[in-house]
Every structure is written in C-alpha cells, then in structure tokens.
2 protein chains.
Amino acid sequence: MTVTLADVAKACGLSPSTVSRALSDPGRVSAQTRDKVARVAREMGYTPNRVARSLSMGRTGTIGLIVPDVANPFFPPIIKAVQARAARKDLVVVLADTDERAADELDRARVLSKQVDGLIMVSPRSPEPRIAEIGRLGPTVFVNRRVPEHPSVLIDNADGMRQAVEHLVALGHRHIGYLAGPRRSWSNQQRHAAITEACAQLGAELVTFGPFEPQVQAGVQAADLLQGSPATAVIAYDDLIALGVMARMSERGLSVGRDLSVMGIDDSPLSGMAYPTLTSIHVPGAEAGATAVDLLLDVLDGLHGEPPPPLVELETYLVVRSSTGPAPRR
Amino acid sequence: MTVTLADVAKACGLSPSTVSRALSDPGRVSAQTRDKVARVAREMGYTPNRVARSLSMGRTGTIGLIVPDVANPFFPPIIKAVQARAARKDLVVVLADTDERAADELDRARVLSKQVDGLIMVSPRSPEPRIAEIGRLGPTVFVNRRVPEHPSVLIDNADGMRQAVEHLVALGHRHIGYLAGPRRSWSNQQRHAAITEACAQLGAELVTFGPFEPQVQAGVQAADLLQGSPATAVIAYDDLIALGVMARMSERGLSVGRDLSVMGIDDSPLSGMAYPTLTSIHVPGAEAGATAVDLLLDVLDGLHGEPPPPLVELETYLVVRSSTGPAPRR
DNA sequence: CTGAAAGCGCTTACAG
DNA sequence: CTGAAAGCGCTTACAG
C-alpha cells in the first residue's frame, strides 16, 4: 500500500540503485534520469522509509535529549532550542524526562542510545561514575556539567555571580544569603563556589542555607528559615526557589525589594512574570541547547579524527529588575 | 564491533532464528536453549538493534508528540505525562515544538510520521482542512481538539466555566470580562461559548476583549484595555494572560482580588507561584497526555476492527485562590 | 551513467 | 523444538 523505491524503479523502468542515486545524489545520474525519477516519485507520492535507510546507513537521523524536569522553566527554552536546531539539520529529537530522579538517567540513556545517533544530557544529576558510564553508551554531549573526555557546554557562573554580589554590595548589603540547590546538582557547586569567592573579594558576609529542591515550595520554606538571619539579601539557587521566597514574604506582609532583596538564577521566562519582577542572573539556556546540537554533529561527522573534545563555556550576566533594592537601615 | 544476533547464535551453536525466539518469545524454545541463550547474550553484552527490528516488524516503538510551545507552562505536564506513560509501555517519544506557528504543524507531522508508529497532536492550531490532512498521515490522536473520525481527548470546559462564573457572581460581580485567546485556538472557542452560556444563565453581563496571544505580555496589554470597562472581574484565556494582568495591576498600584478579580484557566503550576496566588480553572493536562497514549496504543494494537473512534472528555473544575474576591462597591 | 548483488540486523511463516 | 530461507526497504561498493 505504501510506495517503495522498488515501485518507483519499476514505474521508471530503472533499477532501484539508480532511483536511489537519482534521489539522494542527483549529480551522479543523467539529467534525463534525474528528471524522470523526480517526476514519477512525486506522482506516486513516494517518501523514503527512514527506518530502512537508517539500517543500511547506520545513522538514524535522531538525537536523544535527556533533561531532569520539563516542568522546570529553565529547561523548556533549552528543549526548544535543541529541537529547532535539530530540525534545521534534518534531525528529529527524542525526549526523556527523568523527573529529577538521578537513578533513572542511566536507564533512560541506555534505552535511547539504541535508537539515536547521539545523546545530549542536560544537567545530569548522576554521580561521577555513572556519568562516565552514560558517556560510554555512544556519542554524548553534556550540558551544564563538565565530563572528562566528553564535549560539554558549560555555564560560567563566575561573571554573573560577581555582578550579582557587586550589585548587592553597591546597594549597601553586607550580609548575603545563598539558598543552595540540591547536592546532586553540579551547577549548585559551581554557583556556591563562585558566590563564595565574589563575597570574599567584595567584602560581604555569606551565609548559606539549604540544600533546597529546585521548586517554589522549597523557597517558601527557605523564606521562613531566613527569619533570624542577618542577611538583607538572598541569592537563590534558581528562579523557582526565589519565587517561593517572594511569595512567602508577600504573604507575611513584607516587601520584597525593600525589606529583603531577592535574586534568582536562570533568568527563566518566569522572572519577568513575577511581581515584583525578579532580578536574576541570566543563564543562556537556549544558546547552550543549540550549541550542544552543533557539538554533537561535529562528533558524529568527524568520527575519524579525534580532536580534543571541545568545551564551550557560555557566559552569564546580571539582569536587574525590581526584587532587589537598597539594604534596609537597621 | 557491536554484537549482533548472529554473533550470539554462533557462540551458542544455534541458528539466529532460535536465538531470536529464545529472546523474544522464550516459551517457544526448550528450557535448556532459553537459559543458554540468555546467559551467552548477557555475557556478550548483546542488545538488540531496534532499527533492524523496526524494519522487519513494521513497528518503530516510537510515538510522535507535537505541541505548540514547550515554554508555555500548560504543556510541560502533558509532555511529562506522555513521556512517562510511553516509557512504561516501552515506547520512546519524539517531540516537536511548532512555536505556535500553525503553518508548521503539517510539515512537522509529515517528518515525524515517517519514523513513528503514531502521532499525538496537542492543541493543534491548524485550520480544519489541514488538520484532516495530518490525520491522514497515520494513526493520530488529538488532544484538545475535536477531529471527526479520529480519537480525541477533549477538555470539557463547561463545568469549570460555570463554576467560575458562579463563584464570581456569588462574590457580587455582575460585569465579567473575558480575555480571549487566539482565534486559531479551538479551546478558545469552546471557552468563550461556555462562559457566554454560563453568564447568560447566571445573569452576569459578559464583555469580551482580545484576541490575545497566550503570553504574559499580552496580559499586560489587556490590563490597560480594561480601564474604561465596567468589568470588576476577568477570566483570562489562560494563566499566562492572567499573570500579565496581575503584574500590570500591581504595577499600577491596584490590588488584585480587591480592585479587580482575576481568574486564569489551566491551573498550571504557575498559578500557585504568583502573588497573590491565582484562582484558576483546573484543566487536567497530565491526564489528557496519559490518556492520549492509551488511545493511541489502542489504535495501534487494534488496527483490525474499526470501532468508532473513542472520544474521551475530561472535566474541569474551579480552584479558588487569592486573586478573586468580593466585587468592589461602586 | 546504470545495474546486479550483497548487506544492514532482525523476524517469521514454512518445513521438518 | 529448531533451522533454512525469504523479506523488511534502503544504500553502496563493484562491474560494466
């Protein structure tokens, strides 16, 4: 019922080989053949069977994308970017969401790796050894995690963090709180380190709370922990936690930006939606996604030469909105 | 380099046929054979090539999922649910995001349809005829859109809408605004119709504004249009628009819930994150996603009999939070 | 430029 | 219960 290469060949009075060439590498057949095949194929409504092609070519035209949580607003822009970039390169993307369960990552990666040309692991939560195992499944690029011997797209938190602390210090804040993310998060470690350094350099006192899950609810909880603290400003591991803090403060009748300055990280679409709007550190998720696709393609195409795995580092910067303001007088 | 069925067969001293059976239908071989094959396969690290299997079986074990916008918080829960349900059934899901461009839907569907067993189209924006064409590409289930001759998962807006209007009327609101979604949105039509009916029955005056894009920014714009209106409460096409309205009102120094009651639709995770928290009509996105997978599987498995295409209708209900309150005295 | 042949790695009637 | 054979629909050296 569905028309195959052989059907087209028969209709043209040509061999399947020739039809195949006419369609995929028109330069290698006569102009006459090319035109005829093109016409007949169109008339018959022929569309190549990608599965068959995959089998004989050893390439599926598919890449796998694994993220911790589609519902966390940090990831959708990445997913969109990967998807868009892949589509432009005629690739299709299969998606898996691990629901923030680190233990599921390897499993999902195993399944996907069998039907894709390569994998993009975004913010993987697995411990070191398991990450290495994932890397061995096939061509893999990591986003937001440095993995030895593998191409990775990293976020350089240093600049953004420094700008953030500078901003707060300039506003008169001397005691800054950091609401830590989960321990399994690689970027939490990076962020904590960067902020610690920035505070040391700029003469601010740092107090750390947490760890907290990257969810609004955790921020609500964090807000209450802040009560006895001298911190007049807090930087949250991500925007979700920051939003939770804001919501809770408002609920308690406190003014965010006056009584307490709150800053998020990610600059997710949410930041502009909150009220007051959330000052946040921009993390270029979309660029990271697109870059990851490019890197993966490089690996797939250049399977021969083994150049040192590329490591792209993307920059962060502060976006000031309304949730941060002058330190309150004491 | 990668071990195949044939390798395992040779190592076992059996034919590939037998090894294939031992692995996929153990009941059809001797216990001894079964055990041996299982052991050897494991030892050799054999994993079946899914592409080859797909080609010979005519099933890819993959389903396609097309959504308008991954970044719209209404869709992630659906995506997660589809993904989770599919994973449990040993299916992998390939995702496409059309960026709210109705014109891209058919194209993306065409590409995907060639490498999946079936398609799930969520809230498709294409006009009628093009939707029909998509339906002809292969087994397809539609979510949030009624398509003749095709299984669909629909959202029954009537209950939720009625509850919403009842709630507002009970609070003393007599003039209600509806901030319409885009014309291409099927559910916008449904919602508009349902709210119109509810208002008529409950004796409230309805004023419609829009259409607006499902984005926060559009809500900001809508808030200003409300200025001269007698409406003391508004129901927005979706939570994003509602949030925009809220943000803008707060910016203008007005109190949401007092000066103006605002209600969203979708009850997306966002609703609980806003301040004040957003009263919204719950739309069971996750259930819809899971149901869609089940329906699709039914179609795929029962290709023989042609029972009338199932049409599942999911209910909506009101979730009262803090953005709605008594009508202000005039 | 074109064709016959082999191969990609599995599955599945058909015999035995 | 097991095997030989054909087939899924394409691609690609190898000849000519």
Novice: Is it the case that over 12 heavy atoms from other parts of the model lie below 6.0 angstrom from the CZ atom of A:Arg39?
Specialist: yes

Novice: Nearest-Å distance, CG (B:Leu55) to P (D:dA6)?
Specialist: 18 Å

Novice: What contact category does A:Thr33 fall into here, base, sugar-phosphate, or nothing, at under 4.0 angstrom with non-hydrogen atoms?
Specialist: sugar-phosphate

Novice: Send over the distance from A:Asp117 CG to C:dC8 C1', rounded to a whole Å.
Specialist: 14 Å

Novice: Generate the contact string for nucleotides 10-16 of chain D. Rules: B means base contact, S means sugar-phosphate contact only, - means no protein heavy atom under 4.0 Å.
Specialist: BBBB---

Novice: B:Thr33: what forms a side chain to side chain contact (heavy atoms under 4.5 Å, CB included) with it, not counting sequence neighbours?
Specialist: B:Leu14, B:Thr18, B:Val29, B:Ser30, B:Val37

Novice: Would you mind reading off the distance between B:Lys114 atom NZ and D:dC8 atom C1', rounded to a whole angstrom?
Specialist: 18 Å

Novice: When you compare the side chain of A:Val312 with that of A:Leu154, does any pair of heavy atoms fall below 4.5 Å?
Specialist: no

Novice: For residues B:Val143 and B:Ile120, determine if any side-chain heavy atom of one lies less than 4.5 Å from a side-chain heavy atom of the other.
Specialist: yes

Novice: Dot-bracket for DNA chain D, please. Rules: Watson-Crick or G-U, both distances under 3.5 Å, ( ) within the strand, [ ] when a pair crosses earlier ones, | for another strand, . otherwise.
Specialist: |||.||||||||.|||

Novice: Are any non-hydrogen side-chain atoms of B:Lys10 and B:Pro16 less than 4.5 angstrom apart?
Specialist: no

Novice: Roughly how many Å is it from NZ in A:Lys10 to P in C:dG3, rounded to a whole number?
Specialist: 14 Å

Novice: Picking from D:dC1, C:dG3, C:dC1, which would you name as closest to the side chain of B:Ser30?
Specialist: D:dC1

Novice: On a heavy-atom basis, which atom in A:Val3 and which in A:Met44 lie closest, and how many Å separate them?
Specialist: CG1-O, 3.2 Å

Novice: To the nearest Å, give me how far apart CD (A:Gln115) and P (C:dG9) are.
Specialist: 16 Å

Novice: When you compare the side chains of A:Asn144 and A:Ser123, does any donor N or O come within less than 3.5 Å of an acceptor on the partner?
Specialist: yes

Novice: Is a side-chain donor-acceptor pair under 3.5 Å present for A:Arg108 with B:Gln83?
Specialist: yes

